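Read through the structure below, which is laid out as C-alpha cells, and then see the notes.
Keep in mind the model is a prediction, meaning the values are calculated, not measured. Along the sequence shown, residues are numbered consecutively beginning with 1.
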Amino acid sequence: MHKAFIKLGKQKKIMYLTSFLLVVIIFNVLLNNTLHKKIHKNGQQLTQQIYELKINANADKEIVQALVQSKGFMLTAHSNAEHFKYLVNIQHDVFSYKTLSISLYHWPAWVEQAYLFLLLNLIMLGAASWWVRWWKVIINKPTANIPLPRTQTKAAKKPSTQIATLNCEVKSMYGATTARHSLFAIVKCDCVFDENTDIQASFKVMIAKYFKELPSVSVNLFDANNVAITLNNIPVEKLDTYSENLHECVYQICRRYRSTVKRKNIKVGLCDYRYAAEQPVIFKLAKSALLFSEKNVIQHWHRLTLQHDQEKLISCGQVIENIKKKKFILFFQPLFMITSGDIVQHEVLIRIRQQPHGLLAARYFINQGFDNLQAFELDKAVLLQVKKLILTEPNELAVSINLHISNWFNEKFWDWFVTNMQAFTKERKLQFEISEADFIKYQTKLTYAFEKLTALKSVVVIDNVQSVEHIDQIASQPIASAIKLGYALVHNVDEKAQQQKQVKNIVAQSKLLNMPVYAVGVETQKELLMLAKLGVVAAQGFYFSEPLQEYTHATFY
C-alpha cells in the first residue's frame, strides 16, 4: 500500500511538472507572437514613413539605412557568428505600403527582446516555487484557520506586481504610451541661395550633425525657399526645446551661405504626432502652424499637436456627401505591354477630398458598410466622370473600372448603366475588374450583370488571381477577357522559386485557354524581367508610372 501511494505521488508530480512546462511554453509562444506582430507593425510604419516622406530608396540609401537601423531592421542579412549559425536565423520580411515595398531583415523576436522572455520565465518560476511552498504548508498544517505568515502574504502579491510590470512594458512597446513623438516641420527661408548650392544636401548633412542624438532625420526640399524636415523619437517634454533648436539650426545653416540673413527671415511651422498618423493631416497642421509663425513678429516658430480625434477616417455618409459635391479626383494607372511598351489599358483609381485629411485613397473607405444606395451613388459618379474625361481625350485606349461589390448584384444599377452608358460603351472600350475571390464566390449572383455587359460587348478582367486552381472556371465565362496576378505573386518574384512556379503554371494554363496574363504592383526591373521570362504579357506598377490625372500622358521608358 505504501509503494502504491509513493507511485501515485510520483505520477502526480510528473503530471504537475508537465502542466507547468505546457503553461510555460504557451506563455512564451504568446509573447513571441506578440513581439513578432510588433516588429511587423514597426516595419509597416517604417515603409509608410519612407513612402510619405517621398524618400528615394535607391538615391537616399544612407537615409533609408538610418531609418531602417533606428527601427531595428537591416537592409541586408548579417552573417551569424560561427557558434550561433545553427541556432539563430535572421528573419526576412517584405513590407508594403501603396506602391512601395521594402525587403527588410531582422533578428527573431526572442533574440531582440530576450530580457522579456527571461523576465516572463522568472515570474512563472517564482510563482510556481511559491505555489509549491504554499501547498506544502497546507499539507503539513491542515488547520483551516491558521493565517499565512506575513512574509508569505507579501510573496503572494509579488508575482502579480511583476506581471503588471511586464504588461506595462509590453504596452509601451506597442506605442500605447505617448512618451515619444515625431516632429514634422515646414521651414520657409526668406533668403536667396546661390544657384550652385545644393540646398537639400546641405540641410541634410547639417541637421543630421546638429541632431545626432536622434535615430533618424529626414529632409526634403519643396522649392528654393521651403524645406520639410522630420525628426523622430523625441520625448514629449522636449518638443518645444527641439522646435526652438530646429529654428536655430536652420538659421545657422542659412548664415553659412547668406551672412545678412536674420532670425526673423526663418519661419517654421511644426506638427508633432505619433507613429502611423496620416501624412495629409500632419502636413495640413504644419502648414497652419507656419501661417501662425509668419504672422508673429517675435515668435518665429509655432507647433501644433495632432490629436487622436484628428486621425479618424472618413465615414460612408461623408464619402457620399463629397461625391455629390464633386470633391473627388480620378487617376489612371496605365498597363503596359512588356515587349513593346504600348499601353493596353488604364485602371481608374478614385481619391476623395476630405478636410483636414486631403485626398484619401479608396482603401480608407471602400471596405466600410455602404448600403446599396450609397454604393450606387459612388460608382455612378465614377462612371459619369470617366465618361466626361474620356470624351475630352482623343485616345481610344480601354479603361478598366473596379465597381463596389454590391453593385455587381444590383439590377437597378445595371439598368441605369444600360440607359446612360450604352452609346459610350459601344464607342469606347470600357471594361470592368472583379477580384478572383468574388468572381468564384458569386457566380450565380453575377449572371444579370454579365448579361448586360455581354449585350454591350463589354468585358471583365479577373483581378488578384493567386493560383491556377480556378483558371478553367474563369475561362469558361465568355465575358472574362484577361486575368491579373495578385500582388503577393508578383512582389519579389525574381527571388522566390515557389512564386515563379505558380506564375508559370498560371501562364501555361491561361495560354491553353487563350487568356492573357497581366501583373500588378511591379516595382523593380528584376521583377519585370522575370515576369517577361515566365510569359506575362503586360504589367503595371510604380516601376512604370505613378497614377496619372491625365491618362494620355503615360510613357514607358
Side-chain angles (χ1 to χ4, degrees), residues 49-50 52-56 59-60 62-67 70 180-274 277 279-306:
Q49 183 182 9
I50 292 174
E52 291 174 341
L53 294 177
K54 299 181 180 178
I55 297 175
N56 190 312
D60 300 322
E62 293 183 359
I63 298 175
V64 174
Q65 181 71 24
L67 286 172
S70 70
R180 290 181 178 270
H181 282 197
S182 293
L183 198 61
F184 176 75
I186 300 178
V187 180
K188 185 174 182 180
C189 306
D190 189 14
C191 57
V192 180
F193 291 93
D194 189 278
E195 293 182 357
N196 298 322
T197 301
D198 190 338
I199 302 174
Q200 182 166 331
S202 300
F203 271 78
K204 279 185 180 180
V205 173
M206 296 302 297
I207 290 177
K209 288 182 178 179
Y210 199 90
F211 298 102
K212 58 184 178 181
E213 74 277 8
L214 297 179
S216 61
V217 175
S218 172
V219 177
N220 286 283
L221 184 67
F222 287 166
D223 52 47
N225 296 320
N226 289 275
V227 182
I229 301 170
T230 303
L231 307 178
N232 293 315
N233 205 29
I234 299 175
V236 172
E237 63 273 11
K238 294 184 178 180
L239 285 170
D240 284 341
T241 302
Y242 273 92
S243 300
E244 185 174 358
N245 290 345
L246 181 61
H247 179 272
E248 181 64 23
C249 174
V250 174
Y251 167 68
Q252 295 297 338
I253 294 172
C254 292
R255 277 185 61 85
R256 285 173 173 262
Y257 301 99
R258 189 67 57 185
S259 59
T260 58
V261 70
K262 298 180 180 180
R263 285 182 173 83
K264 67 179 181 179
N265 299 130
I266 311 298
K267 295 293 185 178
V268 183
L270 307 105
C271 172
D272 64 283
Y273 61 95
R274 290 170 289 177
Q279 185 66 22
V281 187
I282 299 169
F283 185 85
K284 182 85 173 179
L285 288 174
K287 267 287 193 183
S288 299
L290 180 62
L291 291 175
F292 280 113
S293 64
E294 287 178 327
K295 293 178 181 178
N296 197 313
V297 179
I298 301 174
Q299 185 76 12
H300 304 311
W301 61 268
H302 190 85
R303 177 174 62 85
L304 295 174
T305 300
L306 176 60

Q) CD1/Ile234 to CG/Leu214 distance, rounded to the nearest 0.5 angstrom? A) 5.5 Å

Q: Kindly give the heavy-atom pair with the smallest separation between Ala185 and Leu270, and that separation in Å.
A: CB-CD2, 3.7 Å

**Q.** Side chain to side chain, His181 and Leu183, heavy atoms closer than 4.5 Å
**A.** no

Q | Pairwise distance SG(Cys249) to OH(Tyr242) - rounded to 0.5 angstrom | A | 12.0 Å

Q. Where do Leu304 and Ala289 come nearest, in terms of heavy atoms and distance?
A. CD1-N, 3.9 Å

**Q.** Beyond-backbone contact of Tyr273 with Thr230, side-chain heavy atoms, under 4.5 angstrom
**A.** yes

Q) So, for Leu285 and Thr305, which heavy atoms are closest and what is the spacing to 0.1 Å? A) CD1-O, 4.2 Å

Q | Flag if over 12 foreign heavy atoms under 6.0 Å of CZ, Phe292 | A | no

**Q.** Approximate separation, where rounding is to 0.5 Å, of Phe184 CZ and Asp272 CG
**A.** 13.0 Å

**Q.** Exercise: identify the closest heavy-atom pair between Ile266 and Val250
**A.** CG2-CG1, 3.6 Å

Q. Got a donor-acceptor contact below 3.5 angstrom from the Lys267 side chain to the Ser293 backbone?
A. yes

Q: Could you grab the distance from atom CD of Glu244 to atom CD of Glu248, nearest 0.5 Å is fine?
A: 8.0 Å

(Q) Check whether His302 reaches the backbone of Leu291 with its side chain - one donor and one acceptor, N or O, closer than 3.5 Å. (A) no

Q.
In the structure I gave you, are the side-chain heavy atoms of Asn245 and Phe211 within less than 4.5 Å of one another anywhere?
A. yes

Q: Indicate yes or no: at least one non-hydrogen side-chain atom of Tyr210 is less than 4.5 angstrom from one of Leu246.
A: no

Q: Using the six-membered ring wherever Trp is involved, compare the ring planes of His247 and His300 and label them parallel, tilted or perpendicular (cut-offs 30° and 60°).
A: parallel

Q. Atom CE in Met206, atom NZ in Lys209: separation rounded to 0.5 Å?
A. 6.5 Å

Q. Are Ile253 and Ile207 close enough that some pair of their side-chain heavy atoms sits under 4.5 Å apart?
A. yes

Q. Could you give the distance from OG (Ser218) to CG (Leu231), rounded to the nearest 0.5 Å?
A. 9.5 Å

